[in-house]
Undergrad: 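This is the structure I want to talk about, given as structure tokens.
The basis for the numbers below is simple: all heavy atoms, side chains too, and nothing from hydrogens, waters or symmetry mates.
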Amino acid sequence: MLDWLPENISTYGGAIDHVIRTIYYIVGAWFVLAEVVFLFFIFKYRRRPGRSATYQPGTSLKALAWILLPVALILGFDLAIEVVQAPVWEEIKQQLPIADYKVRVRGRQFVWDITHPGADGQFDSADDIQAVNQLVVPVNRKIVFELEAADVIHSLWIPHLRLKQDAVPGRTIRGWFEATQTGVFPLACAELCGSGHGMMKGELHVLNQPDFEQWIKEETAALLEVP
């Protein structure tokens, strides 16, 4: 039922898909039930000759049950969704894992500025690798990112990772992911941020470890060659 979602390449993507699936089935069942009841009432209480409409105050217990029972059921299902999603939120948002690699991502109208640490693995040094709309990471490694916005609210969205995080001006928001498959995947902004919002796109490049190390060496060497 979730075949319309892009392929998951994240360690926690399956857990997020399970939350989506739970909500999908619960809300879907309620939608069908509500429409069936609605259509039944339209047919049963339709206008007929010799039958006039009457005002029903809805003060009896039987009448109130039509409100109170659905409210109780919806509350129960909401709590069920909470039980499913709470451990997922805890894993993804509450605590950052020890980083195998760190990156900085800064959204501005209408590009993503991405800083990769160079061969020394440290930010704010001479070999920092600056990229535009290109996030390069190793596969099967925990990547911790620092996300910022330069002007307005943006939202870092990488559907294949099941990752979507708002970037707010004046704040540094940290998050993480671990890609399980090499390849090139789309990266976009999911928050309307101005006239060029639709063009604010980039790419996530997931490389195996030797290729990633080679990329770092080549980019660092290119920096040192710049006069």
Undergrad: Report yes or no: is the cationic atom of Arg21 (NZ for Lys, CZ for Arg) closer than 6.0 Å to the six-membered ring centre of Tyr24, at no more than 45° off its axis?
TA: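 So Arg21 doesn't make the cation-pi contact.
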Undergrad: Any ring-ring contact (aromatic ring centres under 6.0 Å, His included) involving residues 165-201? Give me the pairs, sequence neighbours left out, ordered by first then second residue.
TA: Tyr12-Trp176, His160-Phe185
Undergrad: Going by heavy atoms in the side chains, are Lys217 and Glu219 under 4.5 Å from each other?
TA: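 Sidechains of Glu219 and Lys217: no contact.
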Undergrad: For residues Asp128 and Thr115, is any side-chain donor paired with an opposing acceptor at under 3.5 Å?
TA: no
Undergrad: For a quick check under 3.5 Å, do Ser10 and Asn8 share a side-chain donor-acceptor pair by atom type?
TA: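 No, no side-chain donor-acceptor pair sits under 3.5 Å.
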Undergrad: Listed by chain and number, what are the salt bridge (Lys or Arg N to Asp or Glu O under 4.0 Å) partners of Asp113, not counting sequence neighbours?
TA: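 Applying salt bridge (Lys or Arg N to Asp or Glu O under 4.0 Å) to Asp113 gives Arg108.
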Undergrad: Connecting only ILVMFWY residues whose side-chain heavy atoms lie within less than 4.5 Å of each other, what is the rest of Leu68's hydrophobic cluster?
TA: Leu64
Undergrad: Is there side-chain contact between Ile26 and Ile81, with heavy atoms separated by less than 4.5 Å?
TA: yes
Undergrad: Would you indicate whether the side-chain heavy atoms of Gln181 and Glu7 approach each other to under 4.5 Å?
TA: yes
Undergrad: Mind checking side chain to side chain donor-acceptor pair (under 3.5 Å) for Thr54 and listing every partner two or more places apart, or none if nothing turns up?
TA: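 Partners of Thr54 under the side chain to side chain donor-acceptor pair (under 3.5 Å) test: Gln56.
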Undergrad: Please identify each residue that fulfils ring-ring contact (aromatic ring centres under 6.0 Å, His included) with Tyr55, with sequence neighbours left out.
TA: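 Per chain and number, Tyr55 pairs via ring-ring contact (aromatic ring centres under 6.0 Å, His included) with no residue.
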Undergrad: Can you pull the side-chain hydrogen bond (donor to acceptor under 3.5 Å, both in side chains) pairs that have at least one residue in residues 88-98, sequence neighbours excluded?
TA: Trp89-Gln94, Lys93-Gln165
Undergrad: Under a 4.5 Å cut-off applied to non-hydrogen side-chain atoms, are Glu148 and Arg104 in contact?
TA: no
Undergrad: In the hydrophobic clustering (ILVMFWY, side-chain contacts below 4.5 Å, transitive), which residues join Ile67, or is it alone?
TA: Val71
Undergrad: In Å and rounded to the nearest 0.5 Å, what is the SG to NE2 distance from Cys193 to His154?
TA: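 Result: 5.0 Å between the selected atoms.
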Undergrad: For Gly202, is there any backbone N or O sitting under 3.5 Å from a side-chain donor or acceptor partner on Gln134?
TA: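 No: the side chain of Gln134 does not pair with the backbone of Gly202.
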Undergrad: Does anything in residues 171-184 pair up under salt bridge (charged side-chain N to carboxylate O under 4.0 Å, His left out), and if so which pairs, sequence neighbours excluded?
TA: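 Those involving residues 171-184 are Lys142-Glu178, Glu146-Arg174.
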Undergrad: Output every pair passing ring-ring contact (aromatic ring centres under 6.0 Å, His included) with a member in residues 98-134, not counting sequence neighbours, ordered by first then second residue.
TA: Tyr101-Phe212, His116-Trp215
Undergrad: Answer yes or no: are there more than 12 heavy-atom neighbours, outside Leu79 itself, under 6.0 Å from its atom CG?
TA: yes
Undergrad: With rounding to the nearest 0.5 angstrom, report the CD1 to CG distance, Ile216 to Asp211.
TA: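 Separation between the atoms: 12.0 Å.
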Undergrad: Linking Ile, Leu, Val, Met, Phe, Trp and Tyr through side-chain heavy atoms less than 4.5 Å apart, which residues share a cluster with Ile153?
TA: none
Undergrad: If the condition is salt bridge (Lys or Arg N to Asp or Glu O under 4.0 Å), which residues does Lys102 pass it with, not counting sequence neighbours?
TA: none
Undergrad: Would you compute the distance between atom CZ of Phe40 and atom OH of Tyr45 and round it to the nearest 0.5 angstrom?
TA: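 Nearest 0.5 Å value for the CZ-OH distance: 6.5 Å.
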Undergrad: Going by the side-chain hydrogen bond (donor to acceptor under 3.5 Å, both in side chains) test, which pairs reach into residues 72-82, not counting sequence neighbours?
TA: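 Every pair satisfying side-chain hydrogen bond (donor to acceptor under 3.5 Å, both in side chains) with a residue in residues 72-82: Glu82-Gln85.
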Undergrad: Just wondering, do Ile16 and Ile92 contact through their side chains at under 4.5 Å, heavy atoms?
TA: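 The answer is yes; the side chains approach within 4.5 Å.
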Undergrad: Hey, does the side chain of Asp127 reach the backbone of Thr220 with a donor-acceptor pair shorter than 3.5 angstrom?
TA: no
Undergrad: Can you tell me if Thr182 and Asn208 form a side-chain donor-acceptor pair at under 3.5 Å?
TA: no
